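Atoms within a ligand are numbered from 1 in the order they appear, just like the ligands themselves. Keep in mind that what you see is a predicted model, and the values were worked out from it rather than measured.
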Amino acid sequence: MIEEPPHSAPKLQAQPQNPTRKTAWSGRFETLPSEEVERFGASLPVDKRMWREDIDGSIAHARMLGSCGIITPEEAASLIAELEDIRTNIEAGTFTPKHRAEDIHMLIEAELTQRLGDLGGRLHTGRSRNDQVATDLRLHLKRRLTDEHLPLLLDLRAVLIEAARSSKKIILPGYTHMQRAQPILLAHYLLAYVQMFARDFTRFLAAREAADVSPLGSAALAGTSYAIDRQMTAAELGFSAVSVNALDAVSDRDFVLDALYACSVCQMHLSRICEELVLWSSTEFGFVTLDDSYATGSSIMPQKKNPDFAELVRGKSGRVYGDLMALLTVMKALPLSYDKDMQEDKEPVFDALDTVTDSLHILVGMLDTAHFHKSRMRTAATRGFAAATDLADFLVQQAGVPFRQAHEIMGNVVLYAIKQNRLSLEQLSLDELRAFHPAFNQEAMELLDPRATVAHKTSEGATAPVAVEAQLTKSQACLEADKKLL
Ligand code: ARG
């Protein structure tokens, strides 16, 4: 599409001023940076991804200049037509600029000037690259969050809700400290992630809102003496508001950090569910089988099926956090207003946005095709004394035993069972239980079935089928409401 500048051998010598190598600022210079130095300062390889937004921003600016009488309506119309033509060329893959340019803003302006002569040079009236780059980046983030992250999070929640709906009868052990704790419904587990991804949606929405302010017309830092109409450009570009302070508008990148933070938390949530898919697909757990299309084999061990993609999503949290840290560090202690350091904002945010988009995509497909193993989960739920808390609760509720005392009694029961080499409380007889407390009866024995344990957890947000049904209704309603916010 847009070619990167050629990566030629370093030329360390500064180059004398040469009329064929003009830049937008070369008027004040006697020598120009060497090609190597120039390349070091260039951001085109990264910011060329903002070409759409740069053209949109320039068109809005040109139209406003024409409408405010700063250039003639005919001049505005020519600029707009030529910018549209450049857009068509880029889209068609026929854009072959001849100029070396520092960034996408300079490249498009240089192309415009080559095509239109002096008129091209009028576009930058009342504008600086400082407000231009901030405008482009805000538009770019808004577009990508709207087209990628927000809808993908809706898809992921829909897949998880669907999986929860079809797994209402599956019981597995819930864990704390990676030790079997209490039996829960698989639907209860899946709906926990739905909550996390619903909050991620809200974080991305907030990041989009933070980006939704127009800096265009702030010029370099002080505003401009031209009678521009900032409301007009903001409205044309679809911004909800106009920035209040020009100095802030060109130096603020906290809207980028908001997006990076949303990406980091989302990738952290993804890493947790992926970690569980990795563990659960091991022979040791055997709770889930990932579809072959989301696994790879080993080049040496023919029997292996590796959950590579879940691992990779987990691993990619490192780079997303790194992206957030990189920009926080770039911005720390930067004096107002624009400093070239800020050019380092795009690479991390593009990387984080790409990584989260890809990861969300992968996970939607992986979960949609995963197979959960009911009997393995159920067996695991009965092993490991998971009913101990319920029997303690039984003593509290049926025999008025204080909970601490009931806890101690059940601790003794578990210790006894372990010493007797029993794998679960189900393997104890009623007489054996009675030796620890006379209140134990047939009803207590029924609690040893994980289905009964689960059925008793009916409090709001709990794991009983009736409580999970309520969670499903709420999760679905929240999903529907969020769809409307997109
Ligand atoms: N390429 C620059 C960036 O990404 C554009 C802004 C340049 N402004 C300037 N005053 N040098 O930050």
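- For the pair D103 and K48, the salt-bridge criterion is not met [side-chain N within less than 4.0 Å of a carboxylate O].
- Nearest non-hydrogen protein atom to atom 5 (C) of ligand 1 is D103 OD2, 3.4 Å.
- Between E91 and R52 no salt bridge is recorded (no basic side-chain N to carboxylate O distance below 4.0 Å).
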Contacts table for residues 195-207: side-chain donor-acceptor under 3.5 angstrom, sequence neighbours left out:
from	atom 1	to	atom 2	distance (Å)
D200	OD1	R203	NE	3.4
D200	OD1	R203	NH2	3.2
D200	OD1	H269	ND1	3.3
D200	OD2	H269	ND1	2.8
T202	OG1	A198	O	3.1

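- Among protein heavy atoms, the minimum distance from atom 3 (C) of ligand 1 is reached at Y338 OH, 3.3 Å.
- Remark: minimum distance from atom 11 (N) of ligand 1 to any protein heavy atom is reached at R129 NH2, 3.5 Å.
- Here the protein heavy atom with the shortest distance to atom 2 (C) of ligand 1 is Q343 OE1, 3.2 Å.
- The pair K474-E460 meets the salt-bridge criterion, since a charged nitrogen lies less than 4.0 angstrom from a carboxylate oxygen.
- Look at D354 and R49 and you find a salt bridge, because one of the NZ, NE, NH1 or NH2 atoms lies within 4.0 Å of a carboxylate O, short of that distance.
- Those atoms of ligand 1 with a heavy atom of S43 less than 4.0 angstrom away are 1 (N).
- The shell of residues lying under 4.0 angstrom from ligand 1, judged by heavy atoms, excludes Q132.
- Scanning the protein heavy atoms around atom 8 (N) of ligand 1, the nearest turns out to be N130 OD1, 2.9 Å.
- At the top of the distance list for atom 4 (O) of ligand 1, counting protein heavy atoms only, stands K346 NZ, 2.7 Å.
- Look at E111 and R115 and you find a salt bridge, because one of the NZ, NE, NH1 or NH2 atoms lies within 4.0 Å of a carboxylate O, short of that distance.
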